[in-house]
Amino acid sequence: MKKRLLIMALLLAAGAVLAQEGGAAAAASADVAEKISLWGLVKQGGWAMWPLGAFSFFMVALVIQNFIALRPKTLLHNEMMPDLLEYMLKDKVKTALVYCRKHPSMFTNTFGAGLERCLDVEGKYDFDKVKESVEEASVEQLSKLMKPIDYLSIIGASAPMLGLLGTVSGMIKAFHTMGTGGMGDPSKLASNIGEALVTTATGLIIAIPAMFFFFFFKKGFQKTLATLGRNVGFLFDALESGKMPVAYMNLEALEQLERE
């Protein structure tokens, strides 16, 4: 009986010791997990994390800039259409050009290029030349405003390749460690593998939102350009015909047009 009690006591003591060791190991692993921070990941990623970090800051700056610069309200200025239509109906080309120069924007710069061509020719306006001038000005404005959008595409394409380069660098270091020291120090090998994995993940994390915002801004800008071309066409149609475009007629004018 005493032997049984002694054995049970020994078993209970051993279980308590094992439980304490397991708790200590769990606490140690929790401490290690807590010590993994953003700065730790940056250090683990190695040299490739520095250019990737520059890419990330540049991408955020471009996204903010495009959100501010590519707003349809900023580019189109639809509130100017009534005044400009009035000038076109009364053939006040000089007044309209002065108005455009005082309110510079993508819309007024493009429309103003057509007005300049009207003033360059005496007598009747050559609307074919006016159209060419407007197209040239729109291409110029397009190339200027598309640069920040295209930079997002460059970041989206370059970030994964830079992350892959960091991955190759980490794997080379890992194989070098295995060749020189074998598996005697697994921590060094794990550090090299960690560098390889962190850079790849970072490159993808930067590239995915960069490509998303690239297509988002590109599609929105194309829609804005289409609206701008339509508005400029309305203005020059009003100048050529001397009539209010139907799109800007109110209900009473449309009813009057129907009775005629």
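Basis for what follows: all heavy atoms, side chains included, without hydrogens, waters or symmetry-related copies.
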Check your understanding: Counting only heavy atoms not in F127, do more than 12 fall under 6.0 Å of its CZ?
Key -> yes
Review point. Within the side chain of S158, is there an N or O that forms a donor-acceptor pair under 3.5 Å with the backbone of I155?
Key: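 It does not hold such a pair.
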Just verifying a value: how many Å separate [X] [atom1] and [Y] [atom2], rounded to the nearest 0.5 Å?
| X | Y | atom1 | atom2 | result |
| --- | --- | --- | --- | --- |
| L152 | M211 | CG | CE | 9.0 Å |
| Y87 | D83 | OH | CG | 5.5 Å |
| I149 | K218 | CD1 | NZ | 9.0 Å |
| T110 | N231 | OG1 | CG | 11.0 Å |
| F216 | F221 | CZ | CZ | 14.0 Å |
| F213 | I64 | CZ | CD1 | 10.0 Å |

Point to revise | T108 and S105: CA distance, side-chain angles, deciding distance, side-chain hydrogen bond (donor to acceptor under 3.5 Å, both in side chains) verdict | key: CA-CA 5 Å; T108 54; S105 66; 3.1 Å; yes
Are [X] and [Y] linked, directly or through other ILVMFWY residues, by side chains that come within less than 4.5 angstrom of each other?
| X | Y | result |
| --- | --- | --- |
| L145 | I68 | yes |
| L119 | M88 | yes |
| V98 | V232 | no |
| M161 | F58 | no |
| F67 | V60 | yes |

Minimal non-hydrogen separation, [X] against [Y], with atom names:
| X | Y | result |
| --- | --- | --- |
| A238 | L85 | CB-CD2, 4.1 Å |
| V93 | C118 | CG1-CB, 4.1 Å |
| L52 | A159 | CD2-O, 3.7 Å |
| A113 | S133 | O-OG, 2.9 Å |
| N109 | A137 | O-CB, 4.4 Å |
| L204 | P160 | CD2-CB, 4.4 Å |

Side chains of [X] and [Y]: closer than 4.5 Å at any heavy-atom pair?
| X | Y | result |
| --- | --- | --- |
| T224 | L70 | no |
| L235 | M81 | yes |
| H103 | M80 | yes |
| T227 | P72 | no |
| L225 | S138 | no |

Check your understanding: Is K94 salt-bridged to E116, going by a charged N under 4.0 Å from an acidic O?
Key ->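 The answer is no: the pair does not qualify as a salt bridge.
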Review point. Quick one: do E140 and K144 make a salt bridge, cutoff under 4.0 Å?
Key: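 No, this pair does not count.
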Review point. Are F111 and F236 near enough that their ring centres are under 6.0 Å apart?
Key: yes
